Amino acid sequence: MRQGGPLRLSLRIVFYREDESWVAHCLETDLVGVGETKREAMATLWDATTLQFEASREWDNPANFFSPAEGRYFEMYARGRDVATAEMDVSAETLKRIDGDVGEILGREYVDRDELAVV
């Protein structure tokens, strides 16, 4: 993965509720993080992303890292509302240390309209 310099990544993340937990789901990698808050979900997603990136780099297998989510999650992202990156509290320093760079992280929160009608 080191050929051609560090990777520059743009990641899109959709946040949604599953039962009582928040899920942070990365569209480009199909990795998820779960937590009681969006911040906790993002932190566990970030840990999973870092581990997956390190393993892909170690085995020189970038295809292992880039495995997109199912189409329905892309639709959820497209229908979601923007969430400020400051709210996500993400640092790209970890990926920079392992020869990667996060160019942009975009987060959107999806709310199922049917759930709103029930509440």
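Residues take their numbers from the sequence shown, with the count starting at 1. This is a predicted model, so every value here is computed, not measured. Quick note: numbers below take in every heavy atom, side chains included, and nothing from hydrogens, waters or symmetry partners.
Within the 4.5 Å cutoff, no side-chain heavy atoms of Q52 are placed close to those of T29. Side-chain contact between F74 and P68 is present, with at least one heavy-atom pair separated by less than 4.5 Å. In this structure, the side chains of F15 and W22 come closer than 4.5 Å at one or more pairs of heavy atoms.
Placement of L51 and L11 in two distinct hydrophobic clusters is found when ILVMFWY residues are connected by side-chain heavy-atom separations under 4.5 Å, directly or transitively.
To the nearest 0.5 angstrom, R39 atom CZ is 14.5 Å from W46 atom CH2. Between atom CD of residue E109 and atom OH of residue Y77 there is a gap of 13.0 Å, rounded to the nearest 0.5 Å. We find the OH-OH distance between Y73 and Y110 to be 11.0 Å, quoted to the nearest 0.5 Å.
Across every non-hydrogen atom of V34 and S21, the tightest pair is CG1-CB, 3.6 Å. Nearest heavy atoms, H25 versus D30: NE2-OD1, 2.7 Å. A41 and V23 get closest at one heavy-atom pair: CB-C, 4.2 Å. The two residues L27 and V14 come nearest to each other via the heavy atoms CD2-CG1, 4.2 Å. Taking both residues in full, the closest heavy atoms of C26 and I13 are given as CA-CG1, 4.2 Å, listed atom of the first, atom of the second, then distance.
Looking at E40, its side chain does come within 3.5 Å of a backbone N or O of E36 through a donor-acceptor pair.
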